[in-house]
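Following: one structure in structure tokens, then a few remarks.
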Amino acid sequence: MTFDRATASPADQTTVRRANLGVVLRHVAAGGSLSRARIAADTGLTRGTVSSLVSELIDLELLRETGETTSPLGIGRPGVALELADVVVGVGLEVNVDYVAVSVEDLTGAVRYERRSYRDNRGSAPGPVLDRLARAARTAIEAVDRDGLRTIGVSVAVPGLVEEASGTVVFAPNLGWEDLPVAAELEERLGRPVHVENESNLAALAEHWTGAAVGIDDFVCVFGEVGVGGGIVLGGRLFRGSHGFGGEFGHVSVDPNGALCACGSRGCVETLVGQESIARAAGVSPVAGRTRSLTDELVRRAESGTPEVVRALDEAGRSLGIALASTFNLFDVQAVVLGGCFGPLAPWLEDAVRRTLQERSLAARSGTFVVLPSAFGDGAAVRGAAALSLHRVLDAPWSVPAARRRLRRGSPASEGERPRREVAIARG
């Protein structure tokens, strides 16, 4: 949608210009390398308007000229191609039961920095955990700042019920957190705004934006770690429910006489298919203070054909399928994405999930559906957190602070030749 400025008041003109900035930026994001003339032709904006909007987006370091020329549309000179710039970045943080993680992503979708540190957080008070998360964030922001990148937002993925407006974790049973103002706590530590969101919701958004569920508008992303969550996308939009707590798949009770869950109920899905539940069934014991993910160990043993592990994973896939059958019947989704620890374990889970859905879900049996491994594995939530701020930029590019000019116009960096360092990726 584009807007005509001819009869607009000054206030309306500001609104129109802001809206059209978003139109141009999203068009380049969707279409790749495009000339100004191509953008004008596609959007219906005049060439003069597009030229002015592009100049502003370049000044904000959201677009850049590639230095390549494109064929003219009809009569005229070749145009200079434009593409998304890789200067603005979003910082994603994740706190989970047995690790904290940070990921930094630029507007092109490239990961510029990534770290994960394993430690059992269940026996710790919230303060020290948030201290470690804040230190990880500061280290990441300092690292990308040295590379000439600009951080425009910080978002946090947490495994629990989140009141999005206040950034309060209402209840995170596996961490033992209740009514904890995570956003306020981290803002005090970092000195910048922080957005808090449920991990499974962020994983679902990451898969929908750039992962396994691109082009799929109705799906459920089942995100497994020690606990299990679900992010539901319907009609291309995240389903939150009336209180924002929708998608708590892991706490659907499938056995009223089953094991006691950390949430206080019995027989919840996560008591059967959580990472540690699978490991116990497979005879794999978590190691205190380990530096290697328990998921990695399960994958290693499954690849070697260890019978107990393969059997435990097949049974976990069946339990997932039983629980997912109700989701399919209620929402008639097109797909299930196996995320979190289920992503790396998908080769040993997906056949049982698919088979059980066909047996137990009328919607699955009557329609078509796919079971997909996550594109990001156990990094889906933190990737979604990193991308969240960037997608807000696509919607409101005018909200990005003006760039401090570090180089003269005409220098190589202003023409798309900004040097880049390789992403730093580590686990410890």
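Not measured: the values here are computed from a predicted model.
Applying the side chain to side chain donor-acceptor pair (under 3.5 Å) test to residues at least two apart or on different chains, the pairs with a partner in residues 123-134 are Asn121-Arg132, Asp131-Arg189.
Between Gly317 and Leu349, the shortest heavy-atom distance links the atoms N-CD2, 3.7 Å. Shortest non-hydrogen contact noted between Ser35 and Arg38 is OG-N, 3.0 Å. The minimum heavy-atom distance between Val104 and Ala140, with the atom names listed, is CG2-CB, 4.0 Å. In terms of heavy-atom proximity, Thr295 sits nearest to Cys341 at OG1-CB, 3.2 Å. The two residues Thr49 and Leu45 come nearest to each other via the heavy atoms CG2-CD2, 4.3 Å. Here the shortest heavy-atom pairing between Val337 and Ala212 reads CG1-CB, 4.3 Å.
Taking OG1 from Thr43 and CZ from Arg26, the interatomic distance works out to 11.5 Å, rounded to the nearest 0.5 Å. Of the inter-residue distances, the one linking Leu180 atom CG with Glu185 atom CD reads 6.0 Å to the nearest 0.5 angstrom. Atom-to-atom distance recorded for Thr210:OG1 and Leu390:CG is 10.5 Å, nearest 0.5 angstrom. Atoms CG and CG, from Leu394 and Leu25 in turn, are 5.0 Å apart once rounded to the nearest 0.5 Å.
Here Glu197 pairs with Arg240 in a salt bridge; the nearest charged N to carboxylate O distance falls below 4.0 Å. Residues Asp351 and Arg354 are paired through a salt bridge, judged by an N-O separation under 4.0 Å between the basic side chain and the carboxylate. Comment: Arg150 engages Glu61 in a salt bridge, judged by a side-chain N to carboxylate O separation of less than 4.0 angstrom. Taking the charged nitrogens against the carboxylate oxygens, Asp378 and Arg116 do have a contact shorter than 4.0 Å, which makes a salt bridge. With respect to the salt-bridge test (charged N to carboxylate O, under 4.0 angstrom), the residues Glu199 and Arg383 do not qualify. A salt bridge is defined here as a Lys NZ or Arg NE, NH1 or NH2 lying under 4.0 Å from an Asp or Glu carboxylate O, and Arg355 with Asp314 meets this definition. One finds no salt bridge joining Arg300 and Glu303 here, because no Lys/Arg side-chain nitrogen approaches an Asp/Glu carboxylate oxygen to under 4.0 Å.
A donor-acceptor contact under 3.5 angstrom links the side chains of Ser374 and Glu207, judged on distance only. Side-chain contact check for Ser52 and Arg17: at least one donor-acceptor pair (N or O, by modelled atom type) lies under 3.5 Å. A donor-acceptor pair shorter than 3.5 Å can be found between the side chains of Ser361 and Asn329. Residues Tyr99 and Glu94 have side chains that bring a donor and an acceptor to within less than 3.5 angstrom of each other. Looking only at atom types and distance, the side chain of Glu142 has no donor-acceptor partner in the side chain of Thr139 under 3.5 Å away. Residues Asn174 and Glu270 bring a donor and an acceptor atom of their side chains to less than 3.5 Å of each other.
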Q: Report the C-alpha distance between Leu202 and Leu388 in whole Å, list the side-chain angles of each, state the deciding distance to 0.1 Å, and finish with yes or no for side chain to side chain contact (heavy atoms under 4.5 Å, CB included).
A: CA-CA 8 Å; Leu202 289 171; Leu388 188 61; 4.0 Å; yes
Q: Would you please test Thr168 and Val182 for side chain to side chain contact (heavy atoms under 4.5 Å, CB included) and show each step?
A: CA-CA 6 Å; Thr168 297; Val182 170; over 6 Å; no
(Q) Assess the residue pair Gln358 and Arg365 against the criterion (side chain to side chain contact (heavy atoms under 4.5 Å, CB included)); give the C-alpha distance rounded to whole Å, side-chain angles, the decisive distance to 0.1 Å, and a yes or no. (A) CA-CA 5 Å; Gln358 289 171 335; Arg365 191 163 57 245; 5.5 Å; no
Q: Please report the C-alpha distance between Trp177 and Val170 in whole Å, then the side-chain angles of each, then the deciding distance to 0.1 Å, and finally whether the side chain to side chain contact (heavy atoms under 4.5 Å, CB included) criterion is met.
A: CA-CA 8 Å; Trp177 293 1; Val170 177; over 6 Å; no
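The side-chain heavy atoms of Leu272 and Val228, taken from C-beta on, include no pair separated by under 4.5 Å. Contact of the Arg392 side chain with the Ser389 side chain is not registered, since no non-hydrogen atoms from C-beta on lie closer than 4.5 Å. The side-chain heavy atoms of Val214 and Trp209, taken from C-beta on, include no pair separated by under 4.5 Å. Using a 4.5 Å heavy-atom threshold, the side chains of Leu320 and Thr356 count as separate. Proximity of Asp296 to Val299: side-chain heavy atoms (C-beta onward) are nowhere separated by under 4.5 Å. Side-chain contact between Val393 and Trp398 is absent, with no heavy-atom pair separated by less than 4.5 Å. The closest side-chain heavy-atom distance from Arg192 to Ile141 is below 4.5 Å. Side-chain contact between Val336 and Leu372 is absent, with no heavy-atom pair separated by less than 4.5 Å.
For Asp332, the side chain to side chain donor-acceptor pair (under 3.5 Å) test picks out no residue, with sequence neighbours left out.
Between the side chain of Ser366 and the backbone N or O of Ala363 there is no donor-acceptor pair closer than 3.5 Å. The main-chain N or O of Val273 is never found under 3.5 Å from a side-chain atom of Ser277 such that the two would form a donor-acceptor pair. Put simply, the side chain of Asp98 never gets that close to the backbone of Asp120: no donor and acceptor are under 3.5 Å apart. Proximity of a side-chain donor or acceptor of His208 to a complementary backbone N or O of Asp217 within less than 3.5 Å is not detected. Without hydrogens or angle criteria, Asn20 side chain to Val23 main chain gives no donor-acceptor distance under 3.5 Å. Put simply, the side chain of Asn198 never gets that close to the backbone of Leu161: no donor and acceptor are under 3.5 Å apart.
Taking the six-membered ring for Trp, Phe369 and Phe328 have ring centres closer than 6.0 Å.
When the shell of 6.0 Å around CD of Glu188 is examined, it contains 12 or fewer heavy atoms from other residues, nucleotides or ligands.
Relative orientation of the Phe331 and Phe239 rings is tilted, given thresholds of 30° and 60° on the angle between their planes.
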